[in-house]
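To start, the structure itself, in structure tokens.
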Amino acid sequence: MKTFTVKFDTVDNAASFVKSIEDFDSHFDLIYGKYVVDAQSILGVMTMNLRKAVDLRVMERNGEMEQIIEAITPYIAA
């Protein structure tokens, strides 16, 4: 399991994020305070406060971490 901090500037950016991770077998959660949503669900992501940075928890399967990091790099908060 690995955690990253991600931020989405626009709704389109959040939708693009979901699209970039939807085909992975790994499990992704977005965490903001006490709220946890499935990061591969566009509806779940849209319920988050998109103006704030949130934690992305990745439970890797099948050795995908290298590809996952490549896919989420544009969304990782500085």
Side-chain angles (χ1 to χ4, degrees):
M1 180 171 56
K2 190 159 175 117
T3 302
F4 302 90
T5 301
V6 295
K7 187 165 183 350
F8 311 111
D9 297 325
T10 65
V11 171
D12 289 338
N13 195 260
S16 175
F17 167 78
V18 173
K19 188 87 171 146
S20 72
I21 64 169
E22 70 184 2
D23 291 329
F24 289 109
D25 291 327
S26 298
H27 182 79
F28 301 82
D29 286 325
L30 283 177
I31 305 159
Y32 182 72
K34 65 180 180 177
Y35 299 101
V36 178
V37 299
D38 180 357
Q40 290 175 304
S41 163
I42 190 69
L43 291 176
V45 173
M46 293 303 165
T47 65
M48 302 297 283
N49 183 350
L50 297 178
R51 293 186 178 103
K52 303 281 185 182
V54 295
D55 288 332
L56 172 67
R57 182 173 53 203
V58 180
M59 274 88 39
E60 175 195 13
R61 295 184 189 142
N62 304 327
E64 298 178 318
M65 190 56 77
E66 188 175 315
Q67 294 88 1
I68 289 169
I69 292 171
E70 187 175 316
I72 67 170
T73 295
Y75 311 100
I76 294 176

- Query: Is Val36 isolated, or which residues cluster with it under the ILVMFWY side-chain rule of less than 4.5 Å, directly or via members?
  - Reply: Ile31

- Query: Given side chains that start at C-beta, do those of Thr47 and Leu43 come closer than 4.5 Å, heavy atoms only?
  - Reply: no

- Query: Quick one: does Thr73's side chain have a donor or acceptor within less than 3.5 Å of a partner on Ile69's backbone?
  - Reply: yes

- Is there a donor-acceptor pair under 3.5 Å between the side chain of Arg57 and the backbone N or O of Asp29? no

- Answer whether the closest heavy-atom distance between the side chains of Lys7 and Asn13 falls below 4.5 Å. no

- Query: Taking the side chain as C-beta and beyond, is there a heavy-atom pair between Leu30 and Val6 under 4.5 Å?
  - Reply: yes

- Item | Heavy-atom pair of closest approach, residues Ile42 and Ala15 | CD1-CA, 3.6 Å

- Look up atom CE in Met65 and atom CE in Met59, then write down how far apart they are to the nearest 0.5 Å. 10.0 Å

- Do Glu60 side-chain atoms and Glu64 backbone N/O form a donor-acceptor pair below 3.5 Å? yes

- Message: Ignoring hydrogens, what is the shortest heavy-atom contact between Val37 and Gly44? Give both atom names and the distance.
- Response: CG2-O, 3.5 Å

- Message: Tell me if a side-chain donor or acceptor on Thr5 pairs with a main-chain N or O of Val54 at a distance below 3.5 Å.
- Response: no

- Item | Heavy-atom pair of closest approach, residues Ser26 and Ile68 | OG-CD1, 3.5 Å

- Message: Which heavy atom of Tyr32 sits nearest to which heavy atom of Asn49, and what is that distance?
- Response: OH-ND2, 4.2 Å

- Can you say whether the rings of Tyr75 and Phe8 are parallel (under 30°), tilted (30 to 60°) or perpendicular (over 60°)? tilted

- Note on the structure: Here the gap from Asp38 atom CG to Phe28 atom CZ, rounded to the nearest 0.5 Å, amounts to 9.5 Å

- Note on the structure: On a heavy-atom basis, the closest approach of Met48 and Tyr35 is CE-O, 4.5 Å

- Would you say the side-chain atoms of Gln40 pair up with the backbone N or O of Ile21, donor to acceptor, closer than 3.5 Å? yes

- Between CG of Asp23 and CD of Gln67, what distance do you get to the nearest 0.5 Å? 12.5 Å

- Message: Determine whether Val58 and Phe24 satisfy the following criterion, side chain to side chain contact (heavy atoms under 4.5 Å, CB included), listing intermediate values before the conclusion.
- Response: CA-CA 11 Å; Val58 180; Phe24 289 109; over 6 Å; no

- Item | Closest approach of Ala77 to Ala53 (non-hydrogen atoms, all atoms of both residues) | CB-CB, 4.5 Å

